[in-house]
There are 2 protein chains.
Amino acid sequence: MYSYEYPHPAVTVDCVVFGLDDGGLKVLLIQRDLEPFALSWALPGGSIKLDEDLGQSARRELAEETGVTDLYLEQLATFGKPGRDPRERVITVAYFAIVNLLEHKVSPDTGARSAAWFPVDDSPPLAFDHRLILDLALMRLQSKLRNQPLGFEFLPEKFTLTQVQRLYETILCEGLDKRNFRKKILTTGLLVPLDEVEIDVAHRAAQLYRFDKEAYVRLQAQGYAFEI
Amino acid sequence: MYSYEYPHPAVTVDCVVFGLDDGGLKVLLIQRDLEPFALSWALPGGSIKLDEDLGQSARRELAEETGVTDLYLEQLATFGKPGRDPRERVITVAYFAIVNLLEHKVSPDTGARSAAWFPVDDSPPLAFDHRLILDLALMRLQSKLRNQPLGFEFLPEKFTLTQVQRLYETILCEGLDKRNFRKKILTTGLLVPLDEVEIDVAHRAAQLYRFDKEAYVRLQAQGYAFEI
DNA sequence: CTCATGTGGTGTTTATAATACACTAAGACG
DNA sequence: CGTCTTAGTGTATTATAAACACCACATGAG
């Protein structure tokens, strides 16, 4: 067996989990109970185990700390500036995910010690350099949304076009033309109209759609796919 | 002082450095002199030091192993599957860069132990999962090139439009229409025509341009910028 | 000397995609 | 029964991308 001459840093994973509701774009945070930054809010995450893949570690930590499971995680970037953790050198691999907030409520009895959803643009100060990570994730989310139809993970299984448009407007922080938006989103071929309609807040019947995941995978296959 | 309960993996950086010449797109590799994979070719890289930023580590390893310095490195992704190094758990943060190959010749006296440029699509088998890293870098390079004017780093300070087009065609593996290409690349406003002309292989005078780095920075500023 | 070859340079037309824009139908509620 | 709210729809305009062919000039071969 051989070994490296250099000392090893700690390696952690952190997850930026975005959710959406009427109040806007939210991010899932946990309250730390240990020093440093005890009582501060932070991105869920923690040390990797040596026999786990990075993505698995992220998923495990997320489940342990927030109870949130079953989500699509994508690698964001790795942060490793010396001094970002006062204890020792810590490299953190950041992941990001988007989920339907309503299906991922957090409460003590889901296993969450003290997890909560916060508005991204009005979150408490974050521990370590987590604000930096969050900001990068936000940029990535916006850029992904601009370049490809995405974000249906934020919505329930069945949704209306108006909901999709609100989603886009909220995340991109800009108003979109209703007719152009519907045209564009429908010509992607990713939305399947259902036979059902939803009765709306104003008691107006609205056509329901579902996201055609297989069509999406087919599209991805002939385009780019970033996974490791 | 506090400490983590989990054991620490090794952390390394690896660099995918692309260069271009008449023979096509090349990648900078080094020949390993130690087990495992002794004598195999591999991406330049190595263990981080605890007081260095990740990018600094990448730059240092690259200089030590290949003599290549002064380049723009961008973080690509982090690879950490258990078993990717037979010795121990190793997390590697991959960086990628594009350089002008002619200005970065490698030879033993530049400090390179045994570094060489290889065609990307005809490289020797690589150590570890380096082929995977290289393939991801290649995809990233193509996708960047498609979405924004880039790649001038491959060229010398002064260059002709034909050179730029050849660059694009080589990397994207597709032919491009000359007039449309020139139109598009000139309307970006990133190329400054010089008073000089170059006398070409066929002894034909060709207009020289230089890359307007400041204009590029201005553009980036109001668009996306991915750095950590 | 001239003719074939290779390379730099140039505009216009057509198709496709993005944008701007305004009204109707229907139920809720007072 | 009038007002409010929301779902749904089509066309004209503009910008962007794609297709396409020829000339000028120097070289080198015969």
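Chain letters run A, B, ... following the sequence lines, proteins first, then strands; residues in each count from 1.
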Between atom [atom1] in [X] and atom [atom2] in [N], what is the gap in whole Å?
X: Lys184(A); N: dT9(D); atom1: NZ; atom2: C1'; answer: 19 Å
X: Arg182(A); N: dA17(C); atom1: CZ; atom2: P; answer: 21 Å
X: Glu198(B); N: dG9(C); atom1: CD; atom2: C1'; answer: 15 Å
X: Arg146(B); N: dA18(D); atom1: CZ; atom2: P; answer: 11 Å
X: Gln165(A); N: dT6(D); atom1: CD; atom2: C1'; answer: 12 Å
X: Leu186(B); N: dG11(C); atom1: CG; atom2: P; answer: 12 Å
X: Gln207(B); N: dA24(D); atom1: CD; atom2: C1'; answer: 16 Å
X: Leu161(A); N: dT6(D); atom1: CG; atom2: C1'; answer: 13 Å

>> Using 0.5 Å steps for rounding, measure from the NZ atom of Lys158(B) to the CG atom of Leu194(B).
In response: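 Rounded to the nearest 0.5 Å, the NZ-CG separation comes out at 6.5 Å.
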>> Between Asp177(B) and Arg166(A), which residue's closest nucleotide on DNA chain D lies nearer the 5′ terminus?
In response: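 Counting from the 5' end, the first nearest nucleotide belongs to Arg166(A).
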> Nucleotide by nucleotide, 5' to 3', does protein get under 4.0 Å of the base (B), only the sugar-phosphate (S), or neither (-) in nucleotides 22-30 of chain C, counting heavy atoms?
Replying inline: B--B-SSS-
> Counting side-chain heavy atoms from C-beta on, which of dC21(C), dG8(C), dA7(D) comes nearest to Asn180(A)?
Replying inline: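 Minimum distance to the Asn180(A) side chain belongs to dC21(C).
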>> Please classify the nucleic acid contact of Lys183(A) as base, sugar-phosphate, or nothing, using heavy-atom distances under 4.0 Å.
In response: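 Since a base atom lies under 4.0 Å of Lys183(A), the category is base.
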>> One thing to verify: whether Arg146(B) and Glu174(B) come together as a salt bridge, which I'm taking to mean a side-chain N less than 4.0 angstrom from a carboxylate O.
In response: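 Looking at Glu174(B) and Arg146(B), the cut-off is met.
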> Which of these passes side chain to side chain contact (heavy atoms under 4.5 Å, CB included) with Tyr95(A): Leu43(A), Asp14(A), Leu71(A), Leu54(A)?
Replying inline: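 Answer to the side chain to side chain contact (heavy atoms under 4.5 Å, CB included) test with Tyr95(A) among Leu43(A), Asp14(A), Leu71(A), Leu54(A): Leu54(A).
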> Any donor-acceptor pair under 3.5 Å linking the side chain of Glu74(A) with the backbone of Phe96(A)?
Replying inline: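 Such a contact is absent between Glu74(A) side chain and Phe96(A) backbone.
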> Just wondering, are more than 12 heavy atoms of other shown residues or ligands nearer than 6.0 Å to CD in Gln142(A)?
Replying inline: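 Yes, CD of Gln142(A) has more than 12 neighbouring heavy atoms, counting only those of other groups under 6.0 Å.
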>> Tell me whether Glu103(B) at atom CD has more than 12 heavy atoms from other residues, nucleotides or ligands lying less than 6.0 Å away.
In response: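 Enclosed.
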> So Phe152(B) and Phe159(B), would you call those rings parallel, tilted or perpendicular, with 30° and 60° as cut-offs?
Replying inline: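 The rings of Phe152(B) and Phe159(B) lie parallel, inter-plane angle below 30°.
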